[in-house]
Each structure stands twice: as structure tokens, then as C-alpha cells.
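One structure is given below, encoded as C-alpha cells.
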Amino acid sequence: KIEEQQPEEGAPSAKALKKIAAAGKTAGLAGKTLDNPYEDGTPAALAYHGGWRDGQTELAQRMAKPAGNGAASIGETVGAA
């Protein structure tokens, strides 16, 4: 049986880690380079980095998809129609 790990004293709560991950995702979606404000190896640093990575992944997926139905026709690009 796997026992649930108890958080270390002073470690951020699960709710706090979700907020930290959301802040990392926001930074990743904004295209910012990873500038993790938390000490390396801490639960907070891992949460932020994971969120940033998720934001970067989503950003890359958005950039890979063409907007609308693709390229405009020649008439639309020169204002004729």
C-alpha cells in the first residue's frame, strides 16, 4: 500500500502550488523566457516550471494553427472585391 506523503513543514499547500503553476503558465503563454523566482528543487520551483512548460506548449500549438480558414484570396489582399 502506498502511503500519502505528508508535506514538509513550511512547504506550500496544494492550493498555493496550483496558484504558482498558474503564474508559470501565464508567463509561458506570454512567451517569456523561464525566470523561475523560486529556489531550485523546491516544490514551488517545480510547480512554476511545470506551469511555464505547459504555457509554452499551448503557445506553440496556437502558433501552429492557421487563423480562420487560411490565406486570404488575392482580391482580399489588395482591397478589390
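Values in this document were obtained by computation on a predicted structure and should not be read as measured data.
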Show me the donor-acceptor pairs within less than 3.5 Å that the side chains of residues 31-45 make with the rest of the protein, sequence neighbours left out.
residue	atom	partner	partner atom	Å
N36	OD1	Y38	N	3.0
N36	ND2	A45	O	2.9
T42	OG1	E39	O	2.7
T42	OG1	A45	N	3.1

Exercise. So how far is it from R62 CZ to L59 CG, rounded to the nearest 0.5 Å?
Worked result: 7.0 Å
Exercise. Does any pair with a residue in residues 14-27 pass salt bridge (charged side-chain N to carboxylate O under 4.0 Å, His left out), and if so which ones, sequence neighbours excluded?
Worked result: K25-E58
Problem set entry | Partners meeting side chain to side chain contact (heavy atoms under 4.5 Å, CB included) with A16 (sequence neighbours left out) | P12, S13
Exercise. Of all heavy-atom pairs between Y48 and A23, which one has the smallest distance, and what is that distance?
Worked result: CE1-C, 4.0 Å
Problem set entry | Sub-4.5 Å side-chain heavy-atom contact between Q56 and L29 | no
